[in-house]
Each structure stands twice: as structure tokens, then as C-alpha cells.
Number of protein chains: 2
Amino acid sequence: MILGGRMDNEEIIRQSQAACEALSAEDDGLKREVLTHAGNRWSLGIVHTLGVAGRLRHAEIARRMRGVSQRMLTRSLRQLERDGLVTRQDYNEVPPRVDYELSELGRGLLARMIPLWMWVAENADGFRDARILYDSDISSDTK
Amino acid sequence: MILGGRMDNEEIIRQSQAACEALSAEDDGLKREVLTHAGNRWSLGIVHTLGVAGRLRHAEIARRMRGVSQRMLTRSLRQLERDGLVTRQDYNEVPPRVDYELSELGRGLLARMIPLWMWVAENADGFRDARILYDSDISSDTK
DNA sequence: CAGTATCCTTGCGGATACTG
DNA sequence: CAGTATCCGCAAGGATACTG
């Protein structure tokens, strides 16, 4: 299994601890929160799209993202705006014209996600294999 | 807004594109999948706990994670096992004794999350501010 | 064009009780 | 101890129709 820039385990653990001490105990929930915001179905895709394309109109984003419903696109964009990751500009024209762009914070997030995506790409096959077993879920509830 | 090791935008975009070209178009869903697996309520916490503590028994993990139900802990561990991030060893003793450990892949993931957590810690206040507005959700459905 | 307003399905995740 | 087996509420997210 290819692991790009190899770190030794001690180093990983040390850094991980450092990162988690920087977050106070109370802030542990912050991680979860970041991931329930950034991690909803579309947000990270939007961040990436805006990162690559720069400033885009609503419809442009929709076009580049295949499969988003209007509802979810708006919802996600508003979330991202509230989280301060995206800025929204409404020109108050008619017909409407609104466009979106990554904020500084959003660009920061994108930058921090890069190592993760690189790694996902490297290990894509590993994940694909795992995916095969998905039907048999443990928690019955399978009425 | 503090952005730790500053990269310029062009660099971010270039790298981000590189990462996403490495992922084939079809693999775009992989990102989502990684995040819906790793991003469920407890998985990343478990990965972190195991990363720091090494090899742990079921009950040990539960103790360190305040708030997990037995059900969700088992469920999450099994997910992680299927995803190849965690290895499970059952000693087939009675009373039961099972322990869990990060796999190489799991350690890889942990390592890739570090920049993100560092960044979250740095920008914690920004997020906390954003959090205040949460009650007013856009998508009505608020019957 | 850029949204709202509804309706509806799915599945996560908590609580509780039970078992080998 | 390390799980299963159920029951349940709630929120995410899709489909569709409508509006300024």
C-alpha cells in the first residue's frame, strides 16, 4: 500500500497529539462540527469547484456539479456562507444575478484538504475493494 | 484571520487540481464516500484515539470517548474495519477479549488529517462565531 | 435566474433490554 | 466483556411545483 511521503508512526502520533491539545477538550466537538458542515454531501465539492474556477454564478456551480438539486445547492451555499468559507454577492438585478467565491478562510480549508485528496487518490483501490462488502451491514434493523 | 503556513492562491489551486486529476472523474464520489465513512459521528474520534493509544480493547475505547453508545461504537469499528482503516483481533476467549488497532492505512489517514485539525484549532474562533447563527436555517421545512 | 415551499423517503444515531 | 436485537425520533437530502 503506497503511502506517499512516509512519516514514522511516532511522528504521526506526536503531531496528532499536538493538534488535539491545541483544541481544548471542549472543542473536541468542533471537529465533528467542521465535518458535519464541511462534510455534508456537497460542501466540499463546492469548495473545490470554487477554488478551481474562482468566482461563479449559482447556475455555473450547478452545471459543474452534476447531481445537486437546486435545494441542496442553495442550502449548502448558505451554510458555507454562514461558516465564513464562501462569500456571496447579490447584484440585485433582474433577472437575478448572484455569484459566489471562496473567502480567505475557504481557501485555507481547501489547502488543508489537499493532502487528504492526494492520499485518497493514491489509495483509491484500497477503498474500492472495501466497498464491495457494503451490503452486509452489521446493525441488523434490516427488517 | 490567521492562516498558518501561508500558500499563495495559485499554488493552492494548482495543487488542488493536481489532486483531483489524480482522482478520475468516476472517483469523484470517492471523496464523498471517504467523508461519509470517516465523517460519521465517531469514526474520526476513534481513529485519533487508536492513533494515540495504540492497541485498545472495546471497553477502553468506549471509556476514552464519552458519549458513544455501545451500538454506535461497534457499528463504527466495523465500518472502519471494512474500510481497512482498523484491524480487529478477537482472542476467542471467555469472557470475550477483542482489541483494535490502526492499520497502516488508518495511520495514513490520521497523518493526512493533521493539517486540517491544526487549521481548525487556529481558526476555532471564526467557527464559533459562525455557530451562533445556526438556529435560523434556510430550508424552511420548519413547520 | 436564483431561489422558496412542500412532501416524502432514507438511514443515522440514541435508548434499552438481552446473550454467550 | 463484547456484542445483538428492537424500537424510535429526527434531520439530511431528493423530487416537484411555484415565484419575483
Side-chain angles (χ1 to χ4, degrees), chain A residues 29 32-33 35-46 50 55-82 86-101 134-143, chain B residues 29 32-33 35-46 50 55-82 86-101 134-143:
Chain A
R32 271 214 308 273
E33 201 158 329
L35 268 130
T36 17
H37 288 184
N40 69 44
R41 181 111 200 232
W42 304 104
S43 300
L44 285 172
I46 295 173
L50 289 177
R55 167 174 287 244
L56 289 178
R57 303 183 56 168
H58 183 107
E60 284 291 324
I61 303 174
R63 202 161 305 128
R64 290 166 198 244
M65 300 222 9
R66 306 292 243 200
V68 226
S69 60
Q70 271 194 353
R71 179 171 177 265
M72 288 318 294
L73 182 54
T74 303
R75 230 159 156 344
S76 304
L77 283 167
R78 294 300 229 266
Q79 263 289 354
L80 292 169
E81 193 194 1
R82 284 204 302 272
V86 158
T87 59
R88 184 186 117 104
Q89 180 162 10
D90 187 340
Y91 293 91
N92 286 107
E93 294 176 1
V94 40
R97 172 188 168 82
V98 179
D99 52 31
Y100 297 89
E101 193 174 16
Y134 278 3
D135 24 305
S136 66
D137 196 311
I138 196 78
S139 99
S140 11
D141 261 297
T142 36
K143 34 183 162 185
Chain B
R32 270 214 309 273
E33 201 158 330
L35 268 131
T36 17
H37 288 183
N40 69 43
R41 180 112 198 231
W42 304 105
S43 300
L44 285 173
I46 296 173
L50 289 177
R55 165 174 290 244
L56 290 178
R57 303 182 58 167
H58 183 106
E60 284 291 325
I61 304 175
R63 201 162 305 129
R64 290 167 197 241
M65 300 225 6
R66 306 290 244 202
V68 228
S69 60
Q70 271 195 353
R71 180 172 176 262
M72 288 317 294
L73 182 54
T74 304
R75 230 159 156 340
S76 304
L77 283 167
R78 294 300 229 267
Q79 262 290 352
L80 292 168
E81 193 194 1
R82 284 205 301 271
V86 158
T87 59
R88 185 186 116 104
Q89 180 162 10
D90 187 339
Y91 293 91
N92 287 106
E93 294 174 0
V94 38
R97 172 188 167 82
V98 179
D99 50 32
Y100 297 89
E101 193 175 16
Y134 278 4
D135 23 306
S136 66
D137 197 310
I138 196 77
S139 99
S140 12
D141 261 299
T142 35
K143 33 182 163 180

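Naming: A, B, ... by sequence-line order, numbering from 1 per chain.
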Derivation and outcome, side-chain contact (heavy atoms from CB on, under 4.5 Å), residues B:His58 and B:Thr74: CA-CA 8 Å; B:His58 183 106; B:Thr74 304; 3.4 Å; yes

Please check the phosphate of [N] (OP1 and OP2 only) for any side-chain N or O of [X] closer than 4.0 Å.
X: A:Arg71; N: C:dA5; result: no
X: A:Arg78; N: C:dG3; result: yes
X: B:Arg41; N: D:dA12; result: no
X: A:Arg63; N: C:dA2; result: no

Closest heavy-atom contact between [X] and [Y]?
X: A:Ala38; Y: A:Ser43; answer: O-CB, 3.5 Å
X: A:Leu35; Y: B:Gly39; answer: CD2-CA, 4.2 Å
X: A:Tyr100; Y: A:Arg78; answer: OH-NH1, 3.9 Å

Distance check needed: [N] [atom2] versus [X] [atom1], whole Å only.
X: B:Asn40; N: D:dG13; atom1: CG; atom2: P; result: 14 Å
X: B:Gln70; N: D:dC1; atom1: CD; atom2: P; result: 10 Å
X: A:Gln89; N: C:dC1; atom1: CD; atom2: C1'; result: 16 Å
X: A:Gln79; N: D:dA11; atom1: CD; atom2: P; result: 14 Å
X: B:His37; N: C:dC12; atom1: NE2; atom2: C1'; result: 13 Å
X: A:Leu73; N: C:dC1; atom1: CG; atom2: P; result: 13 Å
X: A:Leu35; N: C:dG13; atom1: CG; atom2: P; result: 12 Å
X: A:Met72; N: D:dA15; atom1: CE; atom2: P; result: 12 Å

From CD (A:Gln79) to OG1 (A:Thr36), nearest 0.5 Å: 9.0 Å

Distance (rounded to the nearest 0.5 Å) between A:Asn40 CG and A:Met72 CE: 6.0 Å

Candidate nucleotides D:dG3, D:dA12, C:dA2, ranked by approach to the side chain of A:Arg75 - the nearest: D:dA12

Which nucleotide in D:dG3, D:dA2, C:dT4 has an atom nearest any side-chain atom of A:Thr74: C:dT4

Strand contacts (DNA chain D) in residues 93-100 of chain B, 4.0 angstrom heavy-atom criterion: B:Pro96, B:Val98, B:Tyr100

Sugar-phosphate only, base, or nothing, as touched by A:Asp90 at under 4.0 Å among non-hydrogen atoms: nothing

Strand DNA chain D as a dot-bracket string - pairs counted if Watson-Crick or G-U with both distances under 3.5 Å, | where the partner lies in another strand: ||||||||||||||||||||

Result of checking A:Leu77, A:Asp99, A:Val98 against A:Arg88 for side chain to side chain contact (heavy atoms under 4.5 Å, CB included): A:Val98

Side chain to side chain contact (heavy atoms under 4.5 Å, CB included), paired with B:Val68, selected from B:Met65, B:Gln70, B:Arg71: B:Met65

Chi angles and distances behind the side-chain contact (heavy atoms from CB on, under 4.5 Å) call for B:His37, B:Arg82: CA-CA 10 Å; B:His37 288 183; B:Arg82 284 205 301 271; over 6 Å; no

Salt bridge present between B:Glu60 and B:Arg57 (N-O < 4.0 angstrom): no

